[in-house]
Q: 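Structure below; questions to follow.
These numbers were taken from a predicted model, which means no experiment stands behind them. Basis for what follows: all heavy atoms, side chains included, without hydrogens, waters or symmetry-related copies.
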Amino acid sequence: MKTILHLLLAGLFSSSLASAKTKETPLDPGLPNILLIGDSISGGYQKQVRRALNGKANVVKNQGNAEWTGTGLQKIDSYLGDSKWDIIHFNWGLWDIYGWRYYDEDRSPAAYANRLDQLVTRMEKTGAKLIWATTTPVCPGPEKSMLQRHNREVVITREQQEQYRDAALKVMKRHGVEINDLYTYILPGLKKFSPAADNVHFSGSGCAHLAKKVTATLGKAIEDLPRQKYDVAAYYWPSCHFDERWATFFPDGSQGEWESIRNAKPKFEGHWQPRVPAWGYLMDNDPKAMEKKIDAAVSHGVNVMLFDWYWFENKPLLESALNDGFLKARNSQKMKFYLMWANHDAKTAWDIRRSHDLETIWPGSVDRPTFETVVARVINQYFSQPNYYQIDGKPVFSIYDMNNLIKGLGGVKETVDALDYFRAEVKKAGFPGLHLQMVYWAQVPKIDDSGFASAKGSAANTIKTFKVDSITNYQFVHLARAEADYIKWADKALANWPKWSKQFDIPYFPHVSIGWDNNARFVGKREAVTENVNPEVFKRYLLKAKAYADAHPDQPKLITINAWNEWVEGSYLEPDERFGMGYLEAVREVFGSGEVPRSGAAE
């Protein structure tokens, strides 16, 4: 048994040690990220630490063996990779003390401290909390690898190790790095946990013993991490890329709705058209363009992207922005996303040449077989993504038009049955259930006591009948007719919040819209919000949404915003030539920035 154990622990001298590859490990963006850097001593406990912290943190070990501080200086950038680390737990020591492979290098405590100082300085730039794991004890006899590699019988005394220990502790004190004293922790049981007098490794029980100490230290560090208290979800309108069917709505069609936005003209004095994006006309199915958007969003407190999702003629429309843009972006794991099924009818309003007709091109209603196809697609293709947004472990799915859902499925009873089927399928996929969110506006059906939609019905009955879990809005214009003054318009929309809070037993997640002007889609003049439309006024209503969330501590603190990029409707967070990053700065000033959402369980 000891021989097998020695072989398993021999990874100190091999990069084949079972450890997570920094760049290849999928990270749950709803959890803090922890990086373990070290030699095979950390490799011996990392799996147990990862299991113990499962569901609390993403725990990643540096690829291979971190060896000595010289190796660390060569590879530290690859260890850190592109991920945002919340905590880095690290150690270099035994390789520096013994000189495995590097016996002729300067291994003095002073040189060791100098290299450590450079490494700590580099890791400080990540903004992560740093924790130094003190080097575990040297072995009492001649270390076997020194004899094998250098034909030397090398014995390191405790007094000699103390010189390296003191040098390291001085570096950590100077930088204010927390200490996890594994040396003192393991020393009393060294004979019990050591396989042999010539071996610096530990038995399985010794690794488990170390894992308990590391887990406890990291657990405390996780609790102390600052967290963004609010999940801010911006609707994403995926219209600015080529889609074969979408192209038919535009004379050229190659750039999607950018064509209408570019060609918009002022229709009255002071009319702000065209709207010009500060980043240029980026294709939203380009992963590099999406990476820019994600970085800007997360750094300004928008930590959830809420994609408008379409299904017409039993196939998707405009899905490429999500599939090829967002999900293929290298930094997509920085933020969560979820779907709002935009199941309204597709009308000629999208085509300025036919917008005055408002004719239906594709109905948004679906029959039961099509509904089941939709259910399978969203579960298999999206709910399975590690960064799909959840509340209480349940994937969130929003439905825009409940009337259209009922119409296609054949009635209230049939819709109840279809939604129950959806929930059952979600559970079969391994989730605790489905969080069904309903977009609340004038089109929400009112169900009466007999189970039918009628003038005698109520929205509260509708929510109960369909087992809706939460409601939010899509746009202020659905709640209050657009008028010139943003303040008057927004106040009318927000006047509903107290009423809904009392009327419904489920959470209402407050919504804030940025503006309204869809003139780019029409030849004639349309109503538009033109006064008091600016980041400072928008910020006032973000503060109201924050106050509402704070006043409802029994529900997740989710806020929805219209929109990330509704350029053609005059409601977008993306920077433009007029206000630059002003709207995003307003979000950051109210909700903070840089933190990933905590799986719908914001504190």
Q: Could you label the plane-to-plane angle of the Trp489 and Tyr486 rings as parallel, tilted or perpendicular, counting under 30° as parallel and over 60° as perpendicular?
A: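 Perpendicular.
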Q: Count the heavy atoms belonging to other residues, nucleotides or ligands that lie under 6.0 Å from CZ of Arg330, then report whether that count exceeds 12.
A: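 Check fails, neighbour count at 12 or below.
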Q: I want to know whether Trp246 and Phe250 have ring centres closer than 6.0 Å.
A: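 Yes; Phe250 has its ring centre under 6.0 Å from that of Trp246.
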Q: Does a salt bridge link Arg275 with Glu577, judged by any charged N lying under 4.0 Å from a carboxylate O?
A: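 The answer is no: the pair does not qualify as a salt bridge.
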Q: So do the side chains of Tyr474 and Tyr235 get within less than 4.5 Å of each other, counting heavy atoms only?
A: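 Tyr474 vs Tyr235: side chains touch.
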Q: Side-chain donor-acceptor pair under 3.5 Å between Trp567 and Glu574, yes or no?
A: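 Judged by distance alone, the side chains do pair up.
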Q: In plain terms, say whether Lys394 and Asp469 are close enough for a salt bridge, that is, a side-chain N and a carboxylate O under 4.0 Å apart.
A: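 A salt bridge is absent here (no side-chain N lies under 4.0 Å from a carboxylate O).
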Q: Looking at Tyr382 versus Tyr388, is the centre-to-centre ring distance below 6.0 Å?
A: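 Distance test on ring centres: not under 6.0 Å, no.
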Q: For Arg174, does the CZ atom sit with more than 12 other heavy atoms under 6.0 Å from it, leaving out its own atoms?
A: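 Count over threshold, so yes.
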Q: Under 3.5 Å, is there a donor on one side chain and an acceptor on the other for Ser470 and His435?
A: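 Note: Ser470 and His435 side chains meet the donor-acceptor criterion.
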Q: Flag yes if more than 12 heavy atoms outside Asp505 fall under 6.0 Å of its CG atom; otherwise flag no.
A: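 No, not enclosed.
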Q: Salt bridge check: are Glu483 and Lys492 linked by an N-O gap of less than 4.0 Å?
A: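 Between Lys492 and Glu483 there is a salt bridge, with a charged N closer than 4.0 Å to a carboxylate O.
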Q: More than 12 heavy atoms of other residues, nucleotides or ligands under 6.0 Å from NZ of Lys544: is that the case?
A: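 12 or below, so no.
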Q: With distance as the sole criterion, is a donor-acceptor pair present between the side chains of Asp284 and His241 under 3.5 Å?
A: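 Yes.
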Q: Does either side chain, that of Ser239 or that of Glu257, offer a donor lying less than 3.5 Å from an acceptor on the other one?
A: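 Distance-only check passes for Ser239 and Glu257.
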Q: Anything under 30° is parallel, anything over 60° is perpendicular, the rest tilted; go ahead and classify Tyr338 against Tyr389.
A: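 Rings of Tyr338 and Tyr389: parallel, under 30°.
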Q: Could you check whether Lys336 pairs with Asp231 (Lys NZ or Arg NE/NH1/NH2 to Asp/Glu carboxylate O, under 4.0 Å)?
A: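 A salt bridge is absent here (no side-chain N lies under 4.0 Å from a carboxylate O).
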Q: In plain terms, say whether Lys129 and Glu124 are close enough for a salt bridge, that is, a side-chain N and a carboxylate O under 4.0 Å apart.
A: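 Between Glu124 and Lys129 there is no salt bridge, as every charged N stays at least 4.0 Å from the carboxylate O atoms.
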Q: Could you check if a side-chain atom of Asp517 sits within less than 4.5 angstrom of a side-chain atom of Glu569, using non-hydrogen atoms only?
A: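 No, too far: nothing below the 4.5 Å cut-off.
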Q: Please report the interatomic distance CG(Asp324) to CG(Asp286), rounded to the nearest 0.5 Å.
A: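 With rounding to 0.5 Å, CG (Asp324) is 10.0 Å from CG (Asp286).
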Q: Hey, what do you get for CZ (Phe466) to CD1 (Ile406), rounding to the nearest 0.5 Å?
A: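 Interatomic distance, Phe466 CZ to Ile406 CD1, rounded to 0.5 Å: 3.5 Å.
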Q: How many angstroms lie between OG1 in Thr126 and CG in Leu80, if you round to the nearest 0.5 Å?
A: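 Rounded to the nearest 0.5 Å, the OG1-CG separation comes out at 6.5 Å.
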Q: Any salt bridge between Glu585 and Arg588, counting N to O under 4.0 Å?
A: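 Judged by the 4.0 Å cut-off on N to carboxylate O distance, Glu585 and Arg588 do form a salt bridge.
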Q: Would the distance check show the side chain of Thr465 and the main-chain N or O of Asn461 forming a donor-acceptor pair, the cut-off being under 3.5 Å?
A: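 Yes, the answer is positive, given that a donor and an acceptor are paired below the 3.5 Å cut-off.
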Q: Kindly determine whether Leu573 and Asn565 satisfy side-chain contact (heavy atoms from CB on, under 4.5 Å), including the steps that lead there.
A: CA-CA 6 Å; Leu573 289 169; Asn565 63 337; over 6 Å; no
Q: To the nearest 0.5 Å, what is the distance between CG (Leu225) and CG (Asp86)?
A: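 Between atom CG of Leu225 and atom CG of Asp86 there are 5.5 Å.
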Q: Hey, are Asp295 and Lys293 close enough for a salt bridge, meaning a charged N less than 4.0 Å from a carboxylate O?
A: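 No, Asp295 and Lys293 are not salt-bridged.
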Q: I need the Leu318 CG to Tyr310 OH distance, nearest 0.5 Å.
A: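 So the CG of Leu318 and the OH of Tyr310 are separated by 7.0 Å.
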